[in-house]
Visitor: 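Below is a structure I'd like to ask you about.
Below, chains carry the letters A, B, ... as their sequence lines are ordered, and counting in each starts from 1.
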2 protein chains.
Amino acid sequence: MRRSVSVDEDGKVRQAKRDPEGVRRDILSAAMEEFSLNGLSGGRIDEIAARTRTSKRMIYYYFGDKEGLYERVLEEAYAKVRGGESDLGLDALAPVAALTKLCRFTFDHHRANPAFIRMVMIENIHHGRHLLHSEAIRGLNRPAIEALESVLRRGQAEGVFRAGVEALELHWQISALSFFNVSNVATFSAIFGDSLFTADGQEQLSRHVAEMVLRYVLSPGHVGAISPSDG
Amino acid sequence: MRRSVSVDEDGKVRQAKRDPEGVRRDILSAAMEEFSLNGLSGGRIDEIAARTRTSKRMIYYYFGDKEGLYERVLEEAYAKVRGGESDLGLDALAPVAALTKLCRFTFDHHRANPAFIRMVMIENIHHGRHLLHSEAIRGLNRPAIEALESVLRRGQAEGVFRAGVEALELHWQISALSFFNVSNVATFSAIFGDSLFTADGQEQLSRHVAEMVLRYVLSPGHVGAISPSDG
DNA sequence: GGCTTTATGTACTGGTTGGTTAATAATGGG
DNA sequence: CCCATTATTAACCAACCAGTACATAAAGCC
């Protein structure tokens with residue numbers, strides 16, 4: 001009943017008596033659910049074990065202790081989310097279109113990955129202590145800046161973007177708007193209603209975030225060219 | 001040693017044998033430290049009691065249970081932070097100056113209240129469940145929108161601000177940029193370095209956030225009038 | 001087919017921690 | 001000055017929960 005089922009080369013179904021890598025992934029995915037929902041201190045190992053096809057013992061066998069498991073879950077969260085954002089093909093687009101696409105993608109991508117957002121929130125509550133432990137994660141994020149940097153430089157070279165805008169700072173701004181949109185839904189909508197978080201509200205917000213970023217970087221002569229409320 | 005000391009009308013120092021209100025405040029402030037640092041599930045009642053001049057029993061006497069205490073701490077956090085932002089005197093300023101001031105104030109104010117930010121993060125992790133319980137908090141935040149609304153309308157009437165910008169959405173944007181700056185320092189600086197979080201970096205970020213918001217609302221003719229990098 | 005290594009299940013434990021019991025001291029009203 | 005109410009203490013408890021002891025089954029190797 002707790003043996004996983006696999007298909008071998010001949011197409012024959014057979015019981016895979018052992019599947020260490022599968023067990024690992026199973027645990028990781030259950031742990032991601034639990035931790036992203038309840039945090040590190042709120043997450044329960046027994047609960048994670050229960051959501052698994054295997055037992056609590058295996059968690060300690062593969063991950064050492066709770067904190068070790070948490071760190072792997074955090075890494076996994078970053079890896080998964082960064083994996084899904086590889087090639088937007090920005091280089092093939094004109095600077096304005098590229099930046100717009102990047103903004104809208106970032107906004108949507110954050111929105112589509114609430115578990116990742118929650119893991120990052122939780123990690124920030126813990127002052128990023130575990131993130132520092134992990135070499136892997138830090139290297140994972142540089143490409144984002146480089147892609148933005150490239151778009152920015154092209155735009156500045158063409159004269160559509162003004163000088164004096166830094167890629168890192170712009171990335172910070174785009175991230176802020178996209179992150180907050182997911183991280184603070186609960187409190188914001190509790191206080192101000194959920195009008196910004198309906199399907200329509202989110203679509204409009206997404207457009208306006210992109211518009212805000214564009215207006216920020218466009219050089220004086222080109223601001224007027226913005227589509228009044230998208231088209 | 002655990003009796004608080006007060007001064008009566010004659011200026012005479014005397015032992016205040018009982019001070020219920022003081023005990024309450026003492027507990028609340030210790031609890032705020034503990035919860036904002038470790039979260040609801042991570043916060044320890046014994047730890048809170050230890051930071052108090054009184055005993056653990058008193059916490060249950062005054063606040064019922066852990067969750068009750070947490071909810072009062074959350075209310076307290078909102079009340080304190082909203083109390084400190086009352087009169088910016090925006091009405092006395094020209095729209096552009098008023099909006100700039102509001103942005104920069106919001107940015108700085110968030111930065112000056114990390115415990116509040118952390119409480120809001122934690123509450124969002126809990127899906128805002130406790131915020132909904134509290135009638136008090138929700139009413140507390142409307143004035144912020146109204147102040148912004150008033151500045152916006154004046155600007156639009158004068159023609160400096162373009163039409164089609166909503167106060168609620170703009171508030172969301174300003175909040176996002178100001179909130180993220182505090183909530184995500186740990187992870188952002190772990191990944192991208194702390195150049196944005198030094199004194200200089202923060203000053204520049206603050207200016208650029210205000211500038212971004214301004215550029216977003218200014219009507220076409222007035223964008224050029226922005227000071228290139230502040231002055 | 002033995003023998004070592006890897007993987008897994010069951011049952012348990014010891015410390016932690018939210019919450020309580022019972023007794024008592026101060027306070028204020030009449 | 002008595003009595004009800006409010007405030008406070010110290011010791012206690014039961015549940016919960018991270019982590020472990022022990023036994024054993026499967027795989028890989030020669």
Side-chain angles (χ1 to χ4, degrees), chain A residues 1-6 8-9 14-35 37-73 122 126 129-130, chain B residues 1-6 8 14-28 30-35 37-73 122 126 129-130:
Chain A
M1 3 246 90
R2 52 184 9 175
R3 295 272 168 255
S4 62
V5 172
S6 65
D8 78 358
E9 313 82 26
R14 48 181 300 189
Q15 293 293 50
K17 295 274 178 71
R18 290 273 176 103
D19 180 12
E21 201 42 48
V23 169
R24 270 186 74 96
R25 279 200 312 271
D26 189 20
I27 292 175
L28 268 182
S29 118
M32 171 100 69
E33 263 188 63
E34 175 71 4
F35 282 136
L37 200 64
N38 303 107
L40 172 52
S41 32
R44 297 286 165 249
I45 295 281
D46 287 295
E47 186 57 32
I48 295 171
R51 290 189 205 203
T52 302
R53 277 190 309 288
T54 182
S55 72
K56 177 167 158 180
R57 177 70 183 79
M58 287 296 92
I59 295 175
Y60 289 96
Y61 183 71
Y62 285 116
F63 300 97
D65 59 6
K66 195 186 187 184
E67 209 139 330
L69 175 58
Y70 170 83
E71 284 178 13
R72 295 306 307 267
V73 167
I122 289 161
H126 293 282
R129 190 169 8 119
H130 313 88
Chain B
M1 10 270 47
R2 55 180 7 173
R3 295 272 168 255
S4 63
V5 171
S6 64
D8 78 358
R14 48 184 298 189
Q15 293 294 48
K17 296 274 177 73
R18 291 270 176 104
D19 180 13
E21 200 44 45
V23 170
R24 270 186 75 95
R25 280 198 312 271
D26 189 21
I27 293 174
L28 268 182
M32 171 99 70
E33 263 187 64
E34 176 71 5
F35 281 136
L37 200 65
N38 302 333
L40 172 52
S41 32
R44 296 286 165 251
I45 294 281
D46 286 297
E47 186 56 32
I48 294 172
R51 290 190 206 203
T52 301
R53 277 190 309 287
T54 181
S55 73
K56 177 168 157 180
R57 179 67 182 81
M58 287 296 92
I59 295 174
Y60 288 95
Y61 183 72
Y62 283 117
F63 299 97
D65 60 5
K66 196 186 188 185
E67 209 139 329
L69 176 58
Y70 170 83
E71 286 180 11
R72 294 306 308 268
V73 167
I122 290 162
H126 293 282
R129 189 170 9 118
H130 313 89

Visitor: Counting only side-chain N and O atoms of B:S55, is one of them less than 4.0 Å from OP1 or OP2 of D:dT9?
Guide: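 Result: yes.
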Visitor: Measure from CZ on B:F63 to C1' on D:dA7 and round the result to the nearest Å.
Guide: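 That distance rounds to 14 Å.
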Visitor: Answer whether the closest heavy-atom distance between the side chains of B:K66 and B:I59 falls below 4.5 Å.
Guide: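 A side-chain contact is absent here, since even the closest heavy-atom pair is not under 4.5 Å.
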Visitor: Give the rounded distance in Å between these two atoms: OH of B:Y70 and P of C:dG18.
Guide: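 Computing the B:Y70:OH to C:dG18:P distance gives 15 Å.
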Visitor: Does any N or O in the side chain of B:N38 come within less than 3.5 Å of the main-chain N or O of B:R44, such that one atom is a donor and the other an acceptor?
Guide: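 Between the backbone of B:R44 and the side chain of B:N38 there is no qualifying donor-acceptor contact (under 3.5 Å).
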Visitor: Which of the following nucleotides, D:dT8, D:dT9, C:dG18, is nearest to the side chain of B:D46?
Guide: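 When the side chain of B:D46 is considered, C:dG18 is the closest of D:dT8, D:dT9, C:dG18.
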Visitor: Please examine the side chains of B:D65 and B:L69, heavy atoms only from C-beta on, and report whether any two atoms are closer than 4.5 Å.
Guide: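 In short, these two side chains do not touch, never coming nearer than 4.5 Å.
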Visitor: Whole-Å distance between D:dC17 P and A:L40 CG?
Guide: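 To the nearest whole Å, that distance equals 14 Å.
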Visitor: Between A:R57 and A:I45, which is nearer to the 5' end of DNA chain D once each is assigned its nearest nucleotide?
Guide: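 Result: A:I45.
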Visitor: Send over the distance from B:L69 CG to C:dT17 P, rounded to a whole Å.
Guide: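 Computing the B:L69:CG to C:dT17:P distance gives 16 Å.
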Visitor: Select one nucleotide: of D:dA7, D:dA18, C:dG19, the one nearest the side-chain heavy atoms of B:Y61.
Guide: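 The listed nucleotide nearest to B:Y61's side chain is D:dA7.
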Visitor: Looking at B:E67 and B:R129, does any basic side-chain N land under 4.0 Å from a carboxylate oxygen?
Guide: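 Counted as a salt bridge, because a side-chain N and a carboxylate O are separated by less than 4.0 Å.
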Visitor: Could you tell me how far apart A:R53 (CZ) and C:dA7 (P) are, to the nearest whole angstrom?
Guide: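 Atom-to-atom, A:R53 to C:dA7, this comes out as 16 Å.
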Visitor: Could you give the distance from CD1 (A:I48) to CG (A:L28), rounded to the nearest 0.5 Å?
Guide: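 The CD1 atom of A:I48 sits 9.5 Å away from the CG atom of A:L28.
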Visitor: What I'd like to find out is whether the side chain of A:K56 reaches to under 4.5 Å of the side chain of A:I45, using heavy atoms alone.
Guide: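 Yes, side chains in contact.
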Visitor: Which atom names give the shortest non-hydrogen contact between B:H126 and B:L40, and what distance separates them?
Guide: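 What the structure gives for the nearest pair is NE2-CB, 3.6 Å.
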Visitor: What is the distance from atom CZ of A:F63 to atom CZ of A:R24, rounded to the nearest 0.5 Å?
Guide: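 Separation between the atoms: 4.5 Å.
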Visitor: A:R44 CZ to C:dT17 C1': how many Å, rounded?
Guide: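 To the nearest whole Å, that distance equals 11 Å.
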Visitor: Determine: side-chain N/O of A:T54 to OP1/OP2 of C:dG9, distance under 4.0 Å, yes or no.
Guide: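 Result: yes.
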Visitor: Do you know which two heavy atoms are closest between A:S55 and A:A49, and how far apart they sit?
Guide: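 Looking at all heavy atoms of both residues, the closest pair is C-CB, 4.3 Å.
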Visitor: Given atom CD of B:E47 and atom P of C:dG15, what is their separation to the nearest angstrom?
Guide: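 The answer, rounded to whole Å, is 20 Å.
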Visitor: Which nucleotide wins on minimum distance to the side chain of B:K66, given the candidates D:dT9, C:dG18, D:dA18?
Guide: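 Of all the options, the side chain of B:K66 is nearest to C:dG18.
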Visitor: Nearest to the side chain of B:K56, heavy atoms from C-beta on, is which of C:dT10, C:dG19, D:dC17?
Guide: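 Out of C:dT10, C:dG19, D:dC17, the nucleotide with an atom closest to B:K56's side chain is C:dG19.
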Visitor: Starting the side chain at C-beta, find the nucleotide from D:dT9, C:dT8, C:dG19 nearest to A:M58.
Guide: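 Taking heavy atoms from C-beta onward, the closest nucleotide is C:dT8.
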Visitor: Near DNA chain C, counting only heavy atoms under 4.0 Å, which residues of residues 23-32 of chain A show up?
Guide: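 A:V23, in order of number.
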Visitor: Are side-chain heavy atoms of B:Y62 and B:I27 found at a separation under 4.5 Å?
Guide: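 Contact flag for B:Y62/B:I27 side chains = yes.
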Visitor: Quick check on the helix from C:dG1-D:dC30 to C:dG30-D:dC1: what's the angle between its two end axes, five base pairs per end, to the nearest 10°?
Guide: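 Between the axes fitted at each end of the helix from C:dG1-D:dC30 to C:dG30-D:dC1 lies an angle of 10°.
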Visitor: Rounding to a whole Å, what distance do you find between B:Y60:OH and C:dT17:P?
Guide: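 Going from B:Y60 (OH) to C:dT17 (P), I get 12 Å.
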Visitor: Check every strand shown and say whether B:G68 touches a base, only sugar-phosphate, or nothing at a heavy-atom separation below 4.0 Å.
Guide: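 No contact.
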Visitor: Output the single nucleotide from D:dA18, D:dT8, C:dG19 whose closest atom is nearest the side chain of B:Y62.
Guide: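 Of the candidates, D:dT8 comes closest.
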